[in-house]
Amino acid sequence: MQLTRSALAGYNIVNFDFPYLIERAAALGVSDFPFWGRIRGSRLRMKDTTFSSKAYGTRESKEITIEGRVQFDLLQAIQRDHKLSSYSLNSVSARFLGEQKEDVHHSAISELQGGNEETRRRLAVYWRVPCAPARTHASPYCPTRSLKDAYLPQRLLEKLLLTYNYIEMARVTGAPSLLPTFFPIPHIDAHLGVPITFLLSRGQSIKVLSQILRKAQQRGLLVPNLPRLSGANSDGVAYEGATVLEAKAGFYEQPIATLDFASLYPSIMMAHNLCYCTLVPKQQAGGFSGEEVTRSPSGDVFVKPHLARGILPEILEELLGARKRAKADLKKATDPFEKAVLDGRQLALKVSANSVYGFTGAVVGKLPCLEISASVTAYGRQMIENTKKLVHERFTTTNGYAADAEVVYGDTDSVMVNFRTDTVGEAMRLGREAAEAITATFLKPISLEFEKVYFPYLLISKKRYAGLYWTRPEAHDKMDTKGIETVRRDNCLLVRQVVETCLQKILLERDVPGAVAFVQATISDLLMNRMDLSLLVITKGLTQEVEDYDNRAAHVELARKMRLRDPATAPAVGDRIPYVIVKAAKGVKAYEKSEDPIFALENNLPIDCQHYLEHYLAKPLLRLFEPILKNAQRELLSGDHTRAISQPTPTAAGGGIMRFAKARTRCSLVRGD
DNA sequence: TCATAATCCTAA
DNA sequence: TGAGTTAGGATTATGA
């Protein structure tokens, strides 16, 4: 935990360190302790809350009020900014700092203490002082702290530029500047709005609402305090969303051009003047002429901008205008500090603009207006269908082009076009031509842009594809993967690594036989018990209270089991639960075979390798290879490599996998933080 | 065996 | 001043 003049920073401080310190002080009767704020005599206040949102999940949390100081909990920031399989300080530090935090076990203390200066230093730095008794909040974050626990968050803060990014977000949503204004934001008045602590502890709504309130005040408008919208059913769907075009699955060995609408939903709201204050109630719509109002494709009516300019379009215009300037300044900037500020700012402005639409559709929110959100998506659906149609109509041999173009896929604001050319450069040229021609058919500021070419392109299904990503004809920029196992954190590392390697071999090296051989070797390793346990750990989020689940699932049952073993360290709502599938009698359900990896390790439980092959590896690999290989099933999943070694009985000491795994995974599997 | 519901996570 | 949205694939449990 770091204490500066106006901020407190650390890892999991809000739910562990602060409550712990406060409770200990109370237990010890240190009555002058809980005065950390900058208002003399004002005691800090703590209460339990449950935060729940679809995007951030449900989490129990402490809410601590400390006047005049920002509480910057790195755990909260990283949970919001990054989707990871594990949020332990150890794993996060390894990921972002390339630095593992080594723990010192208590059995090594006397040895280190009796050693030399270096071993004593190690003890001081790494030994985590246990402080379990007063623990009140169950989570995988171990109630111990070492010097490193203070030092690593500081490094993360700097490395991830969190100070810049969060202060910029606070500023674009209108918070008072906590630091001197190094680079003022033109047209954005930074004197009303969202405190940094809100950015970490509350949702998206507060940011949008803050902007609406500020703009309404400028205009002299009042924002109504609406009663909870009736008929707001939180599990159903309130209105129709975007169109996802049919995916023509396959392995494309021709360049596929991608056309994207830039900031689609914000630009729709600006182009059509969609706002609370421009909406014409259904029963009054008849009283307006076509000169005065527009009817959106969902049938909702809005007045045109010459009669009344909406607040939302104006906010969006300012946000996107400011972003354009930030990006231009970023291009010119040379000073690393200025660059960090500007990049944080352009990101904040983009996120901010994109959340306005969602805010209008949030029926459980403060100011829902489904006429706006339903109109936005309806315009969007019309636009993507139109774009597809225009591509098909224009790029034909009849019109003098070398081939008939085909839209092979598209999602919400993008279309993927096969112009049936063999060169990336030609695909780019046609892509630019299409973007320009189609943009001309839409109202300003709607803009269809050519963004990139995929070549080759492996389209598996809707929302799932991979390809090499080209923005210039000379060389590809990267491999891009969407929705496939490699980008999903609920798969074990083995599956992610195998799929990733196969994609590389197929797309990059163009070596399909090599990919097949690799799969066979991996399956053989798995079945021969040669797989490191750390590769087999699956993680899933505990999204609600264990009791509230309607069915039985592996991670939930494990959470239940762990609570019986030790309530203090059992997973809590919002935590991610790591587990492995261990061997059991035939016919036993998967949810009865899930086990805590550390428990499995310590008790030498054998892993159910067959289960990993059949349930986690086989299908993803078949999906990957089916568009490429004639006999994927036979080549990958039958033959010598699928023969398992004679399985050790659960009690046998010779569980090769466990001994092997234990030696190799001690560092990465220790429970921490 | 097959359809369905619950759940998780991702694309946009 | 509590909580952005919908679409969609995949896995698992469950019951007809």
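Just so it is clear: chains get the letters A, B, ... in the order the sequence lines come, proteins before strands, and each one is counted from 1. The structure presented is a predicted model; accordingly, all values stated were derived computationally and were not measured.
- Summarising the geometry, the separation between CG on A:L245 and C1' on C:dA7 is reported as 12 Å, rounded to the nearest angstrom.
- For A:K482, the listed nucleotide lying nearest its side chain is B:dA11; candidates were B:dC8, C:dG4, B:dA11.
- Using a 4.0 Å cut-off, no side-chain N or O of A:Q204 falls inside it from OP1 or OP2 of C:dT5.
- Distance CG (A:N354) to P (C:dT5): 15 Å, rounded to an integer number of Å.
- One interatomic measurement links the two molecules: OH of A:Y56 to P of C:dT5, which rounds to 12 Å at whole-angstrom precision.
- The list of salt bridge (Lys or Arg N to Asp or Glu O under 4.0 Å) pairs with a residue in residues 378-387 of chain A, not counting sequence neighbours, reads A:E240-A:R381.
- Put simply, CG on A:L199 is 12 Å from P on C:dG4, counting in whole angstrom units.
- Nucleic acid contact class of A:S205 (heavy atoms, under 4.0 Å, all strands): sugar-phosphate only.
- A salt bridge links A:E557 with A:R560: the distance from a Lys NZ or Arg NE/NH1/NH2 to an Asp or Glu carboxylate oxygen falls below 4.0 Å.
- Contact annotation for A:Y465: backbone-only contact, meaning every heavy-atom pair under 4.0 Å involves sugar-phosphate atoms and none involves a base.
- Atom CD of A:Q544 is separated from atom C1' of B:dA6 by 9 Å (rounded to the nearest Å).
- Residue contacts shown for A:G358 include a base, since a base heavy atom lies under 4.0 Å away.
- Here C:dT5 presents its C1' atom at 13 Å from CZ of A:R381, a figure rounded to the nearest Å.
- Within the nucleic acid shown, A:V487 comes within 4.0 Å of sugar-phosphate atoms alone, with no base atom in reach, counting heavy atoms only.
- Residues A:Y454 and A:D480 have side chains that bring a donor and an acceptor to within less than 3.5 angstrom of each other.
- Contact annotation: A:Y239 side-chain N/O to C:dG4 OP1/OP2 distance is not under 4.0 Å.
- Per the geometry, CE belonging to A:M416 stands 12 Å off P belonging to B:dA11, to the nearest Å.
- In this structure, a donor-acceptor pair under 3.5 Å is present between the side chains of A:E67 and A:S42.
- Residue A:T543 is in sugar-phosphate contact alone, with no base atom involved, counting any heavy-atom pair closer than 4.0 Å across all strands shown.
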Indicate for each nucleotide in nucleotides 9-16 of chain C, in 5' to 3' sequence, whether protein heavy atoms under 4.0 Å reach the base (B), only the sugar-phosphate (S), or nothing (-).
-> BSSSSS--
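- Figure legend: cation-pi geometry between A:R59 and A:Y87 absent, as NZ or CZ is not positioned both under 6.0 Å from the six-membered ring centre and within 45° of its axis.
- The pair A:D411-A:K462 does not count as a salt bridge, with every side-chain nitrogen at least 4.0 angstrom from each carboxylate oxygen.
- Taking atom CG of residue A:D260 and atom C1' of nucleotide B:dA11, one finds them 12 Å apart after rounding to whole Å.
- Cation-pi geometry between A:K478 and A:Y469 is met: the NZ or CZ atom falls under 6.0 Å from the ring centre, inside 45° of the normal.
- Backbone-only engagement by A:N225 is indicated by non-hydrogen atom pairs under 4.0 Å involving sugar-phosphate atoms exclusively.
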